[in-house]
Participant: 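Could you have a look at this structure, given as structure tokens, before my questions?
What you see below is based on every heavy atom in this structure, not just the backbone, and it leaves out hydrogens, waters and symmetry mates. Sequential numbering from 1 along the given sequence is applied to the chain's residues.
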Amino acid sequence: MTPHSALQELLNSRFSCRAFRKDLVPRDVIEQVLRDAGRAPSWCNAQPWKVIVASGAQTDAFRDTMASAFDAGKPAPDYPFPSTYTGAHLQRRRTCGMQLYEAVGIGRGDREGRATQMRENYTLFGAPHVAVITCPEELGPYGVLDCGGFITAFCLSAQAQGLGTVPQAALSLFSDAVRAQFAIPDDRKVLAAISFGYPDDQADINQFRTDRAELDEFVEWKD
């Protein structure tokens, strides 16, 4: 397998894992994922990401905190969430949501079922580990852009080592709860988290895959 074909395999096989086995990932494997992710490019090599990795009891404590924050329903994100979705973005979002609900047998009109599934975000989908990604406020949107590269590299390295990942902006909806849980200083903003572990390959929710746009949907050639 060539390096390019190996990369293609990782990109094509990666998916957002929403059901995990309880087995803990060995520390040396997690460290390798983090080292790999740290190779992501960043403006002026600033490497703005700082990462908090929780395992075991710390993950469970965070899980309880986030579920309670969700139940209280008082969002306080550090970064603004999308104001709206329109056009192709809205259609892709709807399709992804319907695929997810169909995978777990939640009907179109089952609001209670959808709310219960939404809450799974805040129990980390049962993952044994979570990585919280923070970014310095002073670097603005370009620091956020760099951290996005780190998240992508993290997910691909984890995939290469047999792990499942699910990047979660949802957890940053309650950034105040995240900050309090891990004593994050005010000059670092909570951007997202990645729940990870060994995927439960038998879980129905892990069986669907999202589509990707064709080139002519996102590329404008200027020859």
Participant: Where do W49 and G38 come nearest, in terms of heavy atoms and distance?
Facilitator: CZ2-O, 3.8 Å

Participant: Taking it one step at a time, do Y122 and L124 satisfy side chain to side chain contact (heavy atoms under 4.5 Å, CB included)?
Facilitator: CA-CA 5 Å; Y122 298 94; L124 316 180; over 6 Å; no

Participant: State yes or no: do V53 and I151 share one hydrophobic cluster built from I, L, V, M, F, W and Y residues joined by side-chain heavy-atom distances below 4.5 Å, directly or via other members?
Facilitator: yes

Participant: If only side-chain N and O atoms count, and only distance matters, is there a donor-acceptor pair under 3.5 Å linking Q32 with D36?
Facilitator: yes

Participant: Does the side chain of R18 come within less than 4.5 Å of F208's, by heavy atoms?
Facilitator: yes

Participant: Which value, rounded to the nearest 0.5 Å, describes the distance between S13 atom OG and Q8 atom CD?
Facilitator: 11.5 Å

Participant: So which heavy atom on A153 is nearest to which on A37, and how close?
Facilitator: CB-CA, 3.7 Å

Participant: If you measure from the Lys or Arg side-chain nitrogens to the Asp or Glu carboxylate oxygens, is any gap between R63 and D60 under 4.0 Å?
Facilitator: yes

Participant: Looking at every heavy atom in both A203 and A19, which two are closest together, and how far apart are they?
Facilitator: CB-CB, 3.4 Å

Participant: Roughly how far, to the nearest 0.5 Å, is the CE atom of M66 from the CG atom of L173?
Facilitator: 8.0 Å

Participant: Can any side-chain N or O of N121 pair as donor or acceptor with the backbone N or O of Q168 at less than 3.5 Å?
Facilitator: no

Participant: Is it possible for you to say whether V130 and V25 belong to one hydrophobic cluster, with membership spreading through side-chain heavy-atom contacts below 4.5 Å?
Facilitator: no

Participant: Does Q99 form a side-chain hydrogen bond (donor to acceptor under 3.5 Å, both in side chains) with T210? I'd like the steps, not just the answer.
Facilitator: CA-CA 8 Å; Q99 286 180 299; T210 53; 5.7 Å; no

Participant: More than 12 heavy atoms of other residues, nucleotides or ligands under 6.0 Å from CZ of R209: yes or no?
Facilitator: yes

Participant: Let me confirm one number: the CG-CD distance from D110 to E112, rounded to the nearest 0.5 Å.
Facilitator: 7.0 Å

Participant: Give, for atom CD of Q159 and atom SG of C17, the distance between the pair rounded to the nearest 0.5 Å.
Facilitator: 9.5 Å

Participant: Should L171 and F70 count as side-chain neighbours, where that means a heavy-atom distance under 4.5 Å?
Facilitator: no

Participant: Assess whether a salt bridge exists between D71 and R119, defined as any Lys/Arg side-chain N lying under 4.0 Å from an Asp/Glu carboxylate O.
Facilitator: yes

Participant: Between R114 and R108 (side chain of the first, backbone of the second, donor and acceptor by atom type, cut-off under 3.5 Å), is there such a pair?
Facilitator: yes

Participant: With a 3.5 Å distance limit and no angle check, can you tell me whether S5 reaches the backbone of M1 through a side-chain donor-acceptor pair?
Facilitator: no

Participant: Report the C-alpha distance between F154 and V51 in whole Å, list the side-chain angles of each, state the deciding distance to 0.1 Å, and finish with yes or no for side chain to side chain contact (heavy atoms under 4.5 Å, CB included).
Facilitator: CA-CA 11 Å; F154 184 107; V51 188; 5.6 Å; no

Participant: Output the distance between atom CD1 (I106) and atom CD1 (I205), rounded to the nearest 0.5 Å.
Facilitator: 7.5 Å

Participant: Keeping the roles fixed (side chain from Y79, backbone from P141), state whether a donor-acceptor pair exists under 3.5 Å.
Facilitator: no

Participant: I would like to know whether F20 and V166 meet side chain to side chain contact (heavy atoms under 4.5 Å, CB included); could you show each step before the answer?
Facilitator: CA-CA 10 Å; F20 296 86; V166 55; 4.2 Å; yes

Participant: With a 3.5 Å distance limit and no angle check, can you tell me whether Q207 reaches the backbone of D201 through a side-chain donor-acceptor pair?
Facilitator: yes

Participant: Ignoring hydrogens and angles, state whether a donor on the side chain of Q91 or T95 is under 3.5 Å from an acceptor on the partner side chain.
Facilitator: yes

Participant: Tell me whether F125 shares a hydrophobic cluster with Y198, the cluster being built from Ile, Leu, Val, Met, Phe, Trp, Tyr side chains joined at under 4.5 Å.
Facilitator: no

Participant: When you look at Q181 and V178, which way does the side chain to side chain contact (heavy atoms under 4.5 Å, CB included) test go after all the steps?
Facilitator: CA-CA 5 Å; Q181 180 78 18; V178 180; 5.7 Å; no

Participant: Counting only heavy atoms not in E217 (residues, nucleotides, ligands), do more than 12 fall under 6.0 Å from its CD?
Facilitator: yes

Participant: So which atom in A192 and which in S172 form the shortest heavy-atom distance, rounded to 0.1 Å?
Facilitator: N-CB, 4.4 Å

Participant: Keeping the roles fixed (side chain from D78, backbone from V190), state whether a donor-acceptor pair exists under 3.5 Å.
Facilitator: yes

Participant: Relative to the ring of H129, is the ring of F196 parallel (under 30°), tilted (30 to 60°) or perpendicular (over 60°)?
Facilitator: parallel

Participant: Under a single-linkage definition using a 4.5 Å side-chain heavy-atom cutoff for Ile, Leu, Val, Met, Phe, Trp and Tyr, are M98 and M118 assigned to the same hydrophobic cluster?
Facilitator: no

Participant: For residues C155 and R14, report the shortest heavy-atom separation together with the two atoms involved.
Facilitator: CB-CD, 3.9 Å

Participant: Using only atom types and a distance under 3.5 Å, with no angle test, would you say the side chain of K189 pairs donor to acceptor with the backbone of D186?
Facilitator: yes

Participant: Given side chains that start at C-beta, do those of S16 and P167 come closer than 4.5 Å, heavy atoms only?
Facilitator: yes

Participant: Please tell me whether I133 and L163 are part of a single hydrophobic cluster in this structure, the criterion being side-chain heavy atoms less than 4.5 Å apart.
Facilitator: yes

Participant: Would you say the side-chain atoms of Q117 pair up with the backbone N or O of Y101, donor to acceptor, closer than 3.5 Å?
Facilitator: no

Participant: For S42 versus P48, what's the shortest heavy-atom pair and its separation?
Facilitator: CB-CD, 4.0 Å

Participant: Rounded to the nearest 0.5 Å, how far apart are OG of S55 and CZ of R27?
Facilitator: 7.0 Å

